[in-house]
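Structure, as structure tokens:
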There are 2 protein chains.
Amino acid sequence: MSATKLKDIASALGLSYSTVSRALKDNYRISEETRNRVKAYADKIKYKPNLAAQSLRNNRTRSIGVLVSNISNSFFSEVLDGIESIGYEKNYQVMITQSLESPENELKQMENLISRSVDGLLVSLCSTSNSVELLKETHLSGTPVVFFDRISALFETHKVVADNCGGSYNLTKHLLENGYKKIAHITSSPELSIAIERLEGYKKALAEYNVPFDEELVKHCLHGGMLIEETEKAVDELLKLEKSPDAIMTASDRITINTITILHNKNIAIPEKIAVAGFSNFSAPQIIAPPLTTIRQPAFEMGKMAAELLIRLIESKKPVDAFEKIILETELVVRKSTIRKR
Amino acid sequence: MSATKLKDIASALGLSYSTVSRALKDNYRISEETRNRVKAYADKIKYKPNLAAQSLRNNRTRSIGVLVSNISNSFFSEVLDGIESIGYEKNYQVMITQSLESPENELKQMENLISRSVDGLLVSLCSTSNSVELLKETHLSGTPVVFFDRISALFETHKVVADNCGGSYNLTKHLLENGYKKIAHITSSPELSIAIERLEGYKKALAEYNVPFDEELVKHCLHGGMLIEETEKAVDELLKLEKSPDAIMTASDRITINTITILHNKNIAIPEKIAVAGFSNFSAPQIIAPPLTTIRQPAFEMGKMAAELLIRLIESKKPVDAFEKIILETELVVRKSTIRKR
DNA sequence: ATAATTTGTGAAAACGTTTGCACAAATAAA
DNA sequence: TTTATTTGTGCAAACGTTTTCACAAATTAT
């Protein structure tokens, strides 16, 4: 009933463990003949090496750990899809964990992954992360770490990100060019790298079009829109402003959905009264009322790139010389939610 | 640099490995005093047992394997979220793989998980699965298997499913009661358990309202709507029918999105010309044009239940007597896509 | 011919745990 | 007091690999 072992092959073929082991890895001085005999027999009895034993011996698990804030967030689930596809291709097991935006969870999950001796780590930080120190140690002790999406300024390492600044610049510019003057920005926690970068692009576009930046038009949802109340508060405050905005740029899927829902409930016409557009990896922006102008991030691609980079780092013999930073382009798709009929 | 080991504790405290090991597991005759001393020191030096060594020795990995068809499908990503939440709670690592609806992938992924000696398996089969034999073996060899969502008639084991039949019955009934007579059903591969059950509920409702069942009104998308073309073909064929349908009930998120997109493109008004409703775990059905009547499955809950059951099976000493089948209720939410103004 | 090298294989240690068994010390029963 | 039992600890084997070292046989160089 129990699985086949090296010993089974060895005794069946009258060889020693060592010879069998070496024959299967064909990296040593084993005669062509023996090698083939061993491999044929291993195939025949469907030998599968015991991975626990291999890990114990080799200190390698052929697995990578992933930390995201939330698996079921559509952006992250696409990223995970990409990571898994590379894991499958390169024969690495992917271990997925989520922080749920809690720094305590994040730290525990990270420790957990490390104690499972994953060969590398793929991390998208939570907004108030305090696990950077642990990551530094991990990195130093030889387990490579690649950040994606949400990175940390406190720890210089390999990174794969979307061009957040460029994306929000393009989107803001699009709004400005279509005659919107008072553009609000509802974004997530101000500590997040992505929020900072998106704000930057927004400011850059405003400056270019000589529209003064107005602090009051920027609202933060500290929970990234997990709670609709925080978006509600943001929208309400915007509507109460003396000169309330004629467009809202949102920074995430959830915030986008919340904002639209709220405006619908208040019977505020989009885009006639207020235009809406945002960062989104929504699966169907075209069937929203109204079809939504979006900045789409290459999430699947990001997962693939990050996983490929990580595995490259894992498998490179020498410690890699320089940190790589890969920036992926975003895509602006204009739909009706930002186009007023004349 | 390297992690701390049992030996470190043992030599620091002048004890043997065995005593330290037993003290940490407090399941043997170790004096209160020694136990505390060991634990305190272990805490102090942040001792983390080597999991590879433990697995090798115990034949347990404290991990469970999951197979879904696609991580980024919103239904599955919610399920995964649920599974992960229980895994975290019970301290099991979750290893997620996807079949991408390919039986070959499915089999490979399954073998992979098994060779990693996961303690149990959580499986949602792909439509033309041929890995049931392997699962049977696995089950017999003592690794429990729990099916969720898409189950197999060929293998009797533990199951967690939504009430697909009841759900589609309710939805069909809702349509019938709102005056729709010719209700089409666009569903996925006819081999899938969920498709079979949903068709059944549909037929049951029709029969109850004395509407004859019409084979021509049922269309299958073999790839579950991954390719928009297959939905396009289905819709086209329906529209070409002598008496084309006045309502369409869709069986999955992707098919729903595709159908709505296609009808929009053809300028066919929903629900005035054709009503649309479907099974969906879309994150925002309320902001679709028009707001979508849906049957929502308790995906997160399903993941939790399945994971809890599996872990219970893993940790129960005796082989469990009977197979459990948990059926979760679905929720019908009526919105404008099925309500005609009078 | 002998010496040096190459080639193929095996013995055994190591990776870090857990656990059956043995055994001494302390306690309880006779 | 002697014997039986309980209590606390240590030794050593086992889990299934990989790999260093050793060594015999075959080949090549001298």
Side-chain angles (χ1 to χ4, degrees), chain A residues 1-39 41-42 45-63 114-119 141-143 317, chain B residues 1-39 41-42 45-63 114-119 141-143 317:
Chain A
M1 197 74 279
S2 77
T4 59
K5 298 170 276 190
L6 265 192
K7 190 161 65 169
D8 302 331
I9 305 185
S11 53
L13 267 47
L15 293 168
S16 69
Y17 308 172
S18 4
T19 306
V20 175
S21 170
R22 288 194 274 242
L24 290 172
K25 306 230 124 46
D26 50 31
N27 58 355
Y28 204 65
R29 307 183 313 211
I30 295 291
S31 69
E32 194 65 24
E33 192 206 333
T34 311
R35 197 207 316 277
N36 291 339
R37 224 156 50 94
V38 169
K39 284 193 171 175
Y41 189 74
I45 66 169
K46 289 185 186 163
Y47 168 71
K48 291 275 188 323
N50 179 312
L51 293 174
Q54 287 188 319
S55 309
L56 179 58
R57 181 59 226 223
N58 299 336
N59 251 328
R60 297 259 332 256
T61 52
R62 275 203 100 77
S63 69
I114 292 167
S115 84
R116 297 220 164 236
S117 24
V118 292
D119 298 338
S141 76
T143 302
K317 306 295 172 204
Chain B
M1 198 72 281
S2 77
T4 60
K5 298 172 277 189
L6 267 191
K7 191 159 66 168
D8 301 331
I9 305 187
S11 52
L13 264 48
L15 294 167
S16 68
Y17 308 172
S18 6
T19 306
V20 175
S21 170
R22 289 195 272 243
L24 290 172
K25 305 230 122 48
D26 51 29
N27 59 355
Y28 205 66
R29 309 183 311 211
I30 296 291
S31 70
E32 194 65 24
E33 191 206 333
T34 310
R35 198 208 316 277
N36 291 338
R37 225 157 47 97
V38 169
K39 284 192 173 177
Y41 190 74
I45 66 168
K46 290 185 183 161
Y47 168 71
K48 290 275 188 320
N50 179 310
L51 293 173
Q54 287 187 319
S55 311
L56 179 58
R57 180 57 224 224
N58 299 337
N59 250 328
R60 297 258 332 258
T61 51
R62 274 203 103 74
S63 69
I114 292 168
S115 84
R116 296 218 166 236
S117 24
V118 290
D119 297 338
S141 76
T143 302
K317 307 293 171 203

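Letters A, B, ... mirror the listed sequences (proteins, then strands); counts begin at 1. Every value quoted in this text rests on a predicted model; they were computed, and no experiment measured them. As a basis for the values below, the full set of heavy atoms in this structure was taken, side chains included, without hydrogen atoms, waters or symmetry mates.
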(request) Evaluate whether atom OH of B:Tyr47 has more than 12 neighbouring non-hydrogen atoms of other residues, nucleotides or ligands under 6.0 angstrom away. (result) yes
(message) Please report the distance, rounded to the nearest Å, between CZ in B:Arg35 and P in D:dG8.
(response) 9 Å
(message) Tell me the interatomic distance from A:Tyr17, atom OH, to C:dA14, atom C1', rounded to whole angstroms.
(response) 15 Å
(message) Quick one, B:Ser115 and A:Leu51 - any side-chain contact, counting heavy atoms below 4.5 Å?
(response) yes
(message) Without decimals, in angstroms, what is the distance between B:Arg62 CZ and C:dT17 P?
(response) 17 Å
(request) Tell me, please, which residues at least two apart from B:Arg57 pass side chain to side chain donor-acceptor pair (under 3.5 Å). (result) none
(message) In whole Å, I'd like the distance from the CZ atom of B:Arg60 to the C1' atom of C:dT19.
(response) 16 Å
(request) Taking only the side-chain nitrogens and oxygens of B:Ser21, find out if one of them lies under 4.0 Å from OP1 or OP2 of C:dT19. (result) no
(request) Ignoring backbone atoms, test whether B:Thr34 places a side-chain nitrogen or oxygen under 4.0 Å from the OP1 or OP2 oxygen of D:dT9. (result) yes
(message) OP1 or OP2 of C:dG16 versus the side-chain N and O atoms of B:Lys7: is any pair under 4.0 Å?
(response) no
(request) Please tell me which of B:Leu15 and B:Asn59 maps to the more 5' nucleotide of DNA chain D, matching each residue to the nucleotide holding its nearest heavy atom. (result) B:Leu15
(message) Considering every strand and a 4.0 Å limit on heavy-atom distances, what is the contact class for B:Ser18: base, sugar-phosphate, or nothing?
(response) base
(message) So for B:Arg57 and C:dT18, does any side-chain atom that can act as donor or acceptor lie under 3.5 Å from a complementary atom in the base?
(response) yes
(message) Output the rounded distance in Å from CG (A:Leu56) to C1' (D:dC15).
(response) 9 Å
(request) Search all heavy atoms of A:Arg116 against all heavy atoms of B:Arg62 and return the closest pair with its distance. (result) NH2-O, 2.7 Å
(message) Side chain of B:Ile30 only, heavy atoms from C-beta on: which candidate in D:dT19, C:dG10, D:dT9 is closest?
(response) D:dT9
(message) Could you report the tightest heavy-atom contact between B:Asn59 and B:Asp119, atom names first, then the distance?
(response) O-OD1, 4.5 Å
(request) Assign a letter to each nucleotide of nucleotides 21-27 of chain C from its 5' end: B, base within under 4.0 Å of a protein heavy atom; S, sugar-phosphate only; -, no contact. (result) -------
(request) Grab the CG-P distance between B:Leu13 and D:dG10 for me, whole Å please. (result) 10 Å
(message) Classify B:Ser55 by what it touches in the nucleic acid, base, sugar-phosphate, or nothing, heavy-atom distance under 4.0 Å.
(response) nothing
(request) Just call it for B:Asn58: base, sugar-phosphate, or nothing, with non-hydrogen atoms closer than 4.0 Å on any strand. (result) sugar-phosphate
(request) Looking only at side-chain atoms of A:Thr19, point me to the closest of C:dT17, C:dT9, D:dT17. (result) C:dT9
(message) Any side-chain to backbone donor/acceptor pair from A:Ser21 onto A:Tyr17? Under 3.5 Å, distance only.
(response) no
(message) Rounding to an integer number of Å, can you tell me how far B:Gln54 CD sits from C:dT19 C1'?
(response) 14 Å
(request) Using atom CG of B:Leu6 as one end and atom P of C:dC15 as the other, report the distance to the nearest whole Å. (result) 13 Å
(request) Of all the heavy-atom pairs spanning A:Ala10 and A:Val20, show the shortest one and how long it is. (result) CA-CG2, 3.7 Å
(request) Please report the closest heavy-atom contact between B:Leu24 and B:Ala42, naming both atoms and the distance. (result) CD2-CB, 3.9 Å
(request) Please tell me which of the listed nucleotides, C:dT18, C:dT9, C:dT17, lies nearest to the side chain of A:Ser31? (result) C:dT9
